[in-house]
Amino acid sequence: MTEIAFSRPYFGPEEEAAAAAAVRSGWVVGGPRLRELEAGFARLGGAAEGIGVSSWTTGGFLLLKELGIGPGDEVIVPSLTFIASVNVIVHVGATPVFADIDPATYNIDPADIEHRITPRTKAILPVDQIGLPCEIDRINEIAARHGLLVIQDAACSIGSRFRGRPVGALARATIFSLHARKLVTTGEGGMILTDDAELAARLRRQRHQGMSLSDFDRHGASPTTFETYPEIGYNFRITDVQAGIGVVQLGRLPEMLALRRRVAERYTAALSNHPWLVPPHVPAHVEPNWQSYQVRLRPEAPLSRNALMEALHAEGVPTRRGVMASHLEAPYRAAAPALPHTEAAAAECLLLPIHPGLDDAAVEAVLAAIDRAFAAAPRR
Ligand SMILES: Cc1ncc(COP(=O)(O)O)c(C=O)c1O
């Protein structure tokens, strides 16, 4: 049997050629490929501006800071997310306030957001967990009622749709990750989308040490123009080698979405009446990109989540635990409230292999390994 990968970038000769072309051109950072990638993301997400950064994390930090969020402010965030969503709130000196999830979708529960609002609340940072868009319309409505900002953590949801609209321009600002596990990847990287041109200009300056003029603009300027540094910034740049790869990846997004959907549909067909596993629930108004395929063990299952992962590992099927509960990690544990739905999901879920290169034989092998693991389980 060929080796089954849990996740794998979908790269081909086009990405190799794009990286080589950037190297050959001499524009390896701050050049035309970055412009192209930013424009491509903005078009796809339906936003006016795209700002490429070195990761979701650096982009998230910068965005919160530029939106004026800092010490004394509270930001409501789900605990059931990769811990980066929470860490950036602390990085700007603000306080993360954890909200519980809707156990059906694993996304932040809008009703619980309402319970967590205080006079210090400044923003809501909902996450499109496992690539499934959060209830952004309800969240925007709550935010508007309370005068809060909404920043959508779309690290996992490039290509997903909510009520027919692409993720990208559904909040004040949206951030995608281009990390190796994401659909569109440049190894590392991030992309902020917003309709606010003034905010975009500030973010572009800040990612480059606060410089008044980009390298690209300075390069083309005649007569010679000198940049200034009116404010203190950072180096959060993404390279043009990465951007070149990203442009090709964006072009292949429809193909990658279709291939992932095929894997997900086969898993769901096989698991939808499973006695012990619960496949993901997809509400009728959302279209996920199938970034992850998360299944949940029913309480009466004869195997624990970890035992099932071990049994699959022994069969050559790699899995990962489901999305983590950030509030149970050491930096956040002491101050965190009880979040029953989050804690249960974090304990009972696992992720099955999914990526565009996972062929039908591999999918059947995963399903067969699941059957064997349960058949060999001791009866309770
Ligand atoms: C929901 C979520 N937010 C943020 C991040 C951080 O992204 P990056 O690794 O690009 O900083 C991730 C990465 O996996 C994520 O899944």
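First listed ligand is number 1; within each ligand, the first listed atom is number 1.
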Flag the pair [X] and [Y] as a salt bridge only when some basic side-chain nitrogen lies within less than 4.0 angstrom of an acidic carboxylate oxygen.
X      : Y      : answer
Arg333 : Glu329 : no
Arg120 : Glu74  : yes
Glu38  : Arg204 : yes

Give the residue and atom name of whichever protein heavy atom lies nearest to [atom], and the separation in Å to one decimal.
atom                    : value
atom 7 (O) of ligand 1  : Trp56 CB, 3.1 Å
atom 10 (O) of ligand 1 : Ser177 OG, 2.7 Å
atom 16 (O) of ligand 1 : Cys156 SG, 3.4 Å
atom 11 (O) of ligand 1 : Thr57 OG1, 2.5 Å
atom 2 (C) of ligand 1  : Ala155 CB, 3.4 Å
atom 12 (C) of ligand 1 : Phe82 CD2, 3.5 Å
atom 13 (C) of ligand 1 : Lys182 NZ, 3.2 Å

At their closest point, which heavy atom of [X] faces which heavy atom of [Y], and how far apart are they?
X      : Y      : answer
Ser177 : Trp56  : CB-CB, 3.8 Å
Arg296 : Glu348 : NE-OE1, 2.9 Å
Pro126 : Ile151 : CD-O, 3.1 Å

- Query: Should Gly60 be listed as contacting ligand 1, given a heavy-atom distance under 4.0 Å as the test?
  - Reply: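 Outside the 4.0 Å threshold, so no.
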- Task: Decide if the gap between the ring center of His355 and the ring center of Phe6 is smaller than 6.0 angstrom.
- Result: no
- Task: Enumerate the atoms of ligand 1 whose separation from the nearest heavy atom of Val127 is less than 4.0 angstrom.
- Result: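 Those atoms are 1 (C).
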- Query: Which one holds for Arg181 and ligand 1: side chain close, backbone close, both close, or neither close, with close meaning a heavy atom under 4.0 Å?
  - Reply: neither
- Item | ligand 1 versus Asp153: contacting region, heavy-atom distance under 4.0 Å |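 Looking at Asp153 and ligand 1, just side chain atoms fall under 4.0 Å.
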